[in-house]
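Some notes on the structure that comes next.
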Amino acid sequence: MDDETERKKIGLGYCPAEHFLKFMAQEWMGHIIAALARNGTLRFGQLRRALPGAISARVLSARLKDLESAGYVTRREREGRVRHVEYALTANGHEVDAALARNEAFGVPEVGL
């Protein structure tokens with residue numbers, strides 16, 4: 001057994017929230033969650049315009065796929081005269097938004113950002 005596995009086994013240097021924090025630290029993740037929480041269900045282009053700053057379609061698509069895989073966002077294809085896709089937060093996504101809002105309320109300074 002290597003040292004890292006042994007440390008995790010006995011709880012040294014292991015934080016249960018580490019995986020979640022690394023996931024959410026990816027660029028645009030918090031902004032996407034917040035935009036969907038504030039605006040409800042959005043189509044891809046609407047979501048892209050709701051974000052602060054310029055995000056490429058490729059990056060937005062990748063982040064949405066990650067959020068969907070993690071269970072924070074749902075993707076729904078709408079059929080009609082013009083087919084389009086809508087995105088919305090799941091219950092877990094709303095919990096993440098609430099957690100981010102609570103953190104914002106603490107006024108954590110932007111140290112080294």
Determine, step by step, whether F23 and D66 satisfy the side-chain contact (heavy atoms from CB on, under 4.5 Å) criterion, reporting the C-alpha distance in whole Å, the side-chain angles of both residues, the deciding distance to 0.1 Å, and the verdict.
-> CA-CA 9 Å; F23 178 79; D66 290 344; 3.9 Å; yes
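- Of all heavy-atom pairs spanning L51 and A35, the tightest one is CD2-CB, 3.9 Å.
- Here the NE2-CE distance, from H19 to M24, works out to 11.5 Å after rounding to the nearest 0.5 Å.
- Here the CZ atom belonging to R48 is positioned 6.5 Å from the OG atom belonging to S56, to the nearest 0.5 angstrom.
- The side-chain heavy atoms of V96 and F20, taken from C-beta on, include a pair separated by under 4.5 Å.
- In this structure, E68 CD and R63 CZ are separated by 15.0 Å, a value rounded to the nearest 0.5 Å.
- N39 and A50 make their closest contact through ND2-CB, 4.0 Å (heavy atoms, listed as atom of the first residue, atom of the second, distance).
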May I have the step-by-step check of side-chain contact (heavy atoms from CB on, under 4.5 Å) for I55 and W28, ending in yes or no?
-> CA-CA 8 Å; I55 180 174; W28 296 104; 3.4 Å; yes
CA sep, side-chain torsions, deciding dist, call: M29, L67, side-chain contact (heavy atoms from CB on, under 4.5 Å) = CA-CA 8 Å; M29 288 297 201; L67 288 165; 3.6 Å; yes
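- G30 and L100 make their closest contact through CA-CD1, 4.2 Å (heavy atoms, listed as atom of the first residue, atom of the second, distance).
- Taking the side chain as every heavy atom from C-beta outward, L64 and Y87 approach each other to under 4.5 Å.
- Side-chain contact check for F44 versus L60: some heavy-atom pair is nearer than 4.5 Å.
- Of the possible polar contacts, none joining the T74 side chain to the T90 backbone as a donor-acceptor pair under 3.5 Å is found.
- Within the 4.5 Å cutoff, side-chain heavy atoms of V85 are placed close to those of R75.
- Using modelled atom types, no side-chain atom of S61 and backbone atom of A57 make a donor-acceptor pair closer than 3.5 Å.
- For the pair L36/L47, a side-chain contact is recorded, criterion being any heavy-atom separation below 4.5 Å from C-beta on.
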Criterion side-chain contact (heavy atoms from CB on, under 4.5 Å) on D97 and Y72, from CA distance to verdict | CA-CA 10 Å; D97 178 61; Y72 300 130; over 6 Å; no
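- Here the CD-OG1 distance, from E86 to T41, works out to 6.0 Å after rounding to the nearest 0.5 Å.
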